[in-house]
Structures are given as structure tokens and as C-alpha cells.
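Here the structure is laid out as C-alpha cells; the discussion comes afterwards.
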Amino acid sequence: MKDYDDKAIHELDLTAVKIRKHVIEMLFRAESGHPGGSLSAVDALVALYFNHMNYNPKKPCDPERDRFILSKGHAAPALYAVLAESGFFDVKKLKKIREINCMLQGHPACLYTPGVEASTGSLGHGLSFANGVALAGRLDKKDYNVYVMMGDGETGEGQIWEAAAVAAHYRLDNITAMIDRNFLQIDGNTEDVLRLESVRDRWSSFGWYVIEINGHDIREILRALRDADAHQKQPSMIILHTIKGKGVSFMENNVDFHGVPPNEMEYKLAMEELDLAQKKLEVAV
Amino acid sequence: MVNPRNAYGEALIRLGKKYKNLVVLDADLSKSTKTAMFAKEYPERFFEMGIAEANMISTAAGLASCGKIPFVSTFAVFATGRVYDQIRMDVAYSEANVKIFATHGGISVGKDGASHQMIEDLGLMRVLPNMIVMAPSDATQTGRIVELMAASKGPMYARVGRANAPLIYEKKDLQDIKIGKGMVVKNGSDVSIIACGTMVEPALEAQKTLKKDGISARVIDMHTIKPLDEKLVIKCAKETNAIITAEEHSIIGGLGAAVAELIAENNLSTKFVRMGIKDVFCESGDPTELLEKYELNEKHIVKNAKKLLN
Ligand SMILES: Cc1ncc(C[n+]2csc(CCOP(=O)(O)OP(=O)(O)O)c2C)c(N)n1
Ligand SMILES: [Mg+2]
């Protein structure tokens, strides 16, 4: 199979910056929300929605579509920005996130927003939901794939391990799960809060096919997605090594920006940084 | 005597034929819940989920999102309390077409004790927006309600007990069984006994005893706790002098609570008592002895009726 050409990857990198700008803008306007986990998830979301997944934004309920489930629902701003930019709804709507009478709830809500597959926000549900979608796909002999993104801290939830066992037991190879491995949750480093290592060994011992990559390298993400899709008889797990708050220097690896939005000064600084990143990329064309 | 659980299993088989998109999930209790009957007939549409109830509920929601009609079964205690958050988010909030059918509700589960005697499920489910909550009484009604669950969209919870139960209804009654409609099983003018599930039968027995003592009791089978048949309750409050609710459930949160709320908000002046488990955990024991100790049988319905009318 052909590898991804530089031009395509460059485009996606630019898109990722654009999405990060939306995220900062949304959080600033809403005066609430979760910057760290939204920013660390952006590159994988961009790879999925702007290249890898098969869907038609005009037919959000198309039975043949690939599905993406954001199990770590607090990264909703990143998902919303990606959905808007891929045509599920007007980008102008992003401004209203978390306002009353708005289609964009604080956490993803499937009855409110086209393109949102599952209502999340209570951590730990998404992989189980994906199991259901995958089982239905198998029954109906459809060849769509189901993608799920979890937080690393989220995998402390017992339900995730129920779901991991079931997906492996049923050999749900139409599932590709991802862990946003940014090593931070709310109370600190994941290894201090509740040790997760070895994440790879845990998942492979549950019967999963595990791929470990740099979660900010879109080419690597796309290759991993391809690899995961092609892998048979086992569900796939892509461990995305990421940086919480990626793209905004003072948010990076900063646990304080898990659930605190930027203030006005921070907002300006963040936007300057992202504008600069965008310019650099544009010049590099 | 027929077991409502068997009626569930049989209904699933009938419905499996009618709805090719009906699927069933169980958590290592398929022999008890009778989903094993479906599994035998339609193995490809039965999913054994293991002892992993939280995953089972969310998986059912995923299946529903792809147009399946998932019936999910386990004991009432695990089907609600254990998985409340999953039901809340993935089923109720998402209006998923998931049908939770629980068995072993109430204290007549008996010797397994309080760990297995679910007396809070109706309350837990009733407080959830979008959720329909039912407790059918006999096998005939159970079979019909399962059919109606499959035929109508949206989140639903139904529970039956563990034990065999006498048949209350016949084939000709099937058409009168409708979700959200209470059934007047016996008409009467002095007191209304509004019961659900396993308490309908003792209510009918109590009606006979009361009749001998010159008291005319009306017996309502309120198989749907939510949405409550408000019209019927108001009618009972106006036409009879007292209302008794009876359920194998805590007096908090279930049928009695729903009726009490309605009575209070409509300024209905009626004598009223809730029969149920009085805010305690029960214990192991023979079901008949338990129901006597916790004052939930025919004898105690009669006693309460007389006390109210005095
Ligand atoms: C069941 C549940 N418990 C707690 C929370 C509160 N909460 C929101 S985000 C979060 C930390 C998540 O950390 P992680 O999964 O590592 O996400 P990320 O680092 O990608 O933001 C917590 C505890 C929740 N949303 N759901
Ligand atoms: Mg994390």
C-alpha cells in the first residue's frame, strides 16, 4: 500500500493547528472546560476525521459509516471542532458551546449533536458501547470499523476491563481503541495516582493487538490505524504517546490545565503561539 | 401456577422470529432469567457477556445505536443498582432502545438474602428521565408486556419475581394489557388496592376475604409504575374511601411513592397507606415467612384495609 505523501500530512498538520485554535477559543468563551485532554487528543482526531474514517457528514446516521466514540468525553471541544470542520454542522456553532439552548453540551450528547455517536462524560463507558456497535456490524455483515478514544487515567475504571475482555473474547477485530497516553489525570501523574504500567502488557495480556506510537505524529497515527484495521481476529489498541496540553507551551504537561480554561491573558498567549505555529507551517509549503 | 420468567423466555422466542433485529444479552444467569431459551433458538443473536454487567448495559446501547432491539437480563439487583450510571448515560439520557428485563425482584427471592433481594429497583429506574418502568403480575401479562416492549421504542425496565405465580389473566385479556394503563381486576367501592407485580395476587385474595366481611375492595393491577396511570388513581381516590398501594419494593421511590405524590399534588382527600418494605434491608428465609414477617401478604392487606376504613 502507498504511504501517505508529505503534502497530505502537511495539510493535516495545518488542520490540527486550526482545531487547536478552535479548542482554545471555545474554552475561553465558555469560561470552563478541559484544555489539557482536548489538546492532547487533537492529532488522532484529525487523522481519523480528515483522512482515515469513512463517513458522510450529510448522512450522520448512514448505517455503513465508520464510528468514532469519544470515551473521554471531557475532550468534547476537540471532537466538536473536528466535527464542525468536517461538515457535520456550521463552524459558527462552536462559539456557543456550553451555553443554554445550544447543540453543544459540555460533554458529548448523542441526542444533541449530529456526528456524536454516544453520550459520554462519565468515564469508562465508551469501549463497551463500541463492543455493541462492533457486534451489530458483525451480525449485519457490514464492514465498518469502530474507533474509540480513552484517556489513560480513564482506564482505571473497571468497566474498561470488562469491555477489554469481551472485545477479545468475541475477537472484535472491527474495533480499534486508542489510549491518549499523556501520563496525567486530575490528581497528578497516572503512575502516582494509580499505576498503569505496563499499559502495553495489560492490553496484550487481555488478548489485544497493541501498537505504540507518537500520538502527535499524524503519519504514524495513520499508519497505525491502517495496521490496526488490517489486523484480524483481535481487537487493536493504539497507545498514543501524547503530551497533555500539546501545542500551547504553558499548558503542556501542566496538570493545572486539566479542567481550567485560559484566562484572557493566557488566551491571547495561546492564540499567539498557535498563530505562529500555523504561519510556520504555511511557510513550509 | 406458571413462572413469569418462563413467559419471558417464551415471548423472546416468539419475538425473535418476528424481529430479526432483536438480540439478547445476559450476564451468566441465562438459565435463571430464561434467556437461555432464546439462546438455544437463536444462538447467533444471543450474547453471553459474562459477569460484567456494566459492560453489558453499554454494549446493549451500542447495539441499539445500530438498529438492534437488545433485551438485557440479569437479576434485578444487578440489572439496576450495579449499573445505574451505565443505564443513566447510555440508555436513558441517550434514549436508547434498550429493554432491561430483570428477574428475581423483591424479597420473595427468599433464602439468598438481602444481597439478592432487590427492593430499590423501581425507584432507581423511576427517577430516570425517559425510562418506562414496569412490574407485571402473572405469566400472561408478562408475555404480553415483553411483546409491547419489543414493539415500542425507547428505554424500558421491567421486573418480575423469582417464584411461580397463579395465572390472573386469560388470552381474552391480552388486548387490555397496555403500557401505562392500570387494569381494574376487581371492581369495588370501599377501598382501592393498587398493586403491582407479585402483590397483585395477594391483593385479589384479600379482596375475597374483605368481601366476606362486607367490605367492597377494588383491585388495580398497576403493572406500569411509570408513566403512572394518573387518571385511574384519581378515579380510585374519588370513588373509594381509601387507597392501599402494595409492592414488593421499598415504600420509598416505587409505586406507593408515585401514588402518594399524585394524591398530594391533586389535593385528593383519601385515606392512604403504602405497603412495601419499610426502609429496611430484609434477610434470608422462606419466602412465605419473609412476606409475613415484613407484613406483605393477603393478611396484612386485609388488616390495613380494615384499619383505614375504621
Ligand atoms: C466516572 C468518572 N469519574 C470521574 C470523572 C471526573 N474526571 C473527568 S476527567 C478526569 C481525569 C481523566 O484523566 P484521563 O483519562 O487521563 O484524561 P486526559 O488526561 O486525557 O484528560 C476525571 C477524574 C468522570 N468524568 N467520570
Ligand atoms: Mg491522561
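Bear in mind the structure is a predicted one, so any value in this text is a computation, not a measurement.
Around CD of A/E197, the count of heavy atoms belonging to other residues, nucleotides or ligands within 6.0 Å exceeds 12. Within a 6.0 Å radius of CD1 in B/I13, more than 12 heavy atoms belonging to other residues, nucleotides or ligands are found. Within a 6.0 Å radius of CD in A/E99, other residues, nucleotides and ligands contribute more than 12 heavy atoms.
At a 4.5 Å heavy-atom cutoff, B/A60 makes no contact with chain A through either its backbone or its side chain. With a 4.5 angstrom heavy-atom cutoff, A/L111 touches chain B only via side-chain atoms. For B/V83, no part sits under 4.5 Å from any heavy atom of chain A, backbone or side chain. Contacts between A/A118 and chain B at a heavy-atom distance below 4.5 Å are absent for every atom of the residue.
Across B/C66, B/G67, B/A96, the residue that shares the most heavy-atom pairs under 4.5 angstrom with chain A is B/C66. For the options A/V166, A/L135, A/I69, heavy-atom pairs under 4.5 Å to chain B are most numerous at A/L135.
Note on residues 101-110 of chain B: no pairs pass salt bridge (Lys or Arg N to Asp or Glu O under 4.0 Å), not counting sequence neighbours.
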Check chain A and chain B for donor-acceptor pairs under 3.5 Å and report each one on its own line.
{"unit_1": "A/S119", "atom_1": "OG", "unit_2": "B/S94", "atom_2": "OG", "d": "2.9"}
{"unit_1": "A/S122", "atom_1": "OG", "unit_2": "B/D85", "atom_2": "OD1", "d": "3.2"}
{"unit_1": "A/S122", "atom_1": "OG", "unit_2": "B/D85", "atom_2": "OD2", "d": "2.4"}
{"unit_1": "A/H125", "atom_1": "ND1", "unit_2": "B/D90", "atom_2": "OD1", "d": "3.3"}
{"unit_1": "A/H125", "atom_1": "ND1", "unit_2": "B/D90", "atom_2": "OD2", "d": "2.8"}
{"unit_1": "A/H125", "atom_1": "NE2", "unit_2": "B/D85", "atom_2": "OD2", "d": "2.8"}
{"unit_1": "A/S128", "atom_1": "O", "unit_2": "B/T59", "atom_2": "OG1", "d": "3.0"}
{"unit_1": "A/S128", "atom_1": "OG", "unit_2": "B/N55", "atom_2": "OD1", "d": "2.7"}
{"unit_1": "A/N131", "atom_1": "ND2", "unit_2": "B/N55", "atom_2": "OD1", "d": "3.4"}
{"unit_1": "A/D140", "atom_1": "OD1", "unit_2": "B/K68", "atom_2": "NZ", "d": "2.4"}
{"unit_1": "A/D140", "atom_1": "OD2", "unit_2": "B/K68", "atom_2": "NZ", "d": "3.1"}
{"unit_1": "A/Q159", "atom_1": "OE1", "unit_2": "B/Q86", "atom_2": "NE2", "d": "2.7"}
{"unit_1": "A/Q159", "atom_1": "NE2", "unit_2": "B/A54", "atom_2": "O", "d": "3.3"}
{"unit_1": "A/Q159", "atom_1": "NE2", "unit_2": "B/S58", "atom_2": "OG", "d": "2.8"}
{"unit_1": "A/E162", "atom_1": "OE1", "unit_2": "B/A54", "atom_2": "N", "d": "3.3"}
{"unit_1": "A/E162", "atom_1": "OE1", "unit_2": "B/N55", "atom_2": "N", "d": "2.8"}
{"unit_1": "A/Y170", "atom_1": "OH", "unit_2": "B/E48", "atom_2": "N", "d": "3.0"}
{"unit_1": "A/Y170", "atom_1": "OH", "unit_2": "B/E48", "atom_2": "O", "d": "2.7"}

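Looking at heavy atoms from C-beta onward, B/V23 lies in side-chain contact with A/L139 at the 4.5 angstrom threshold.
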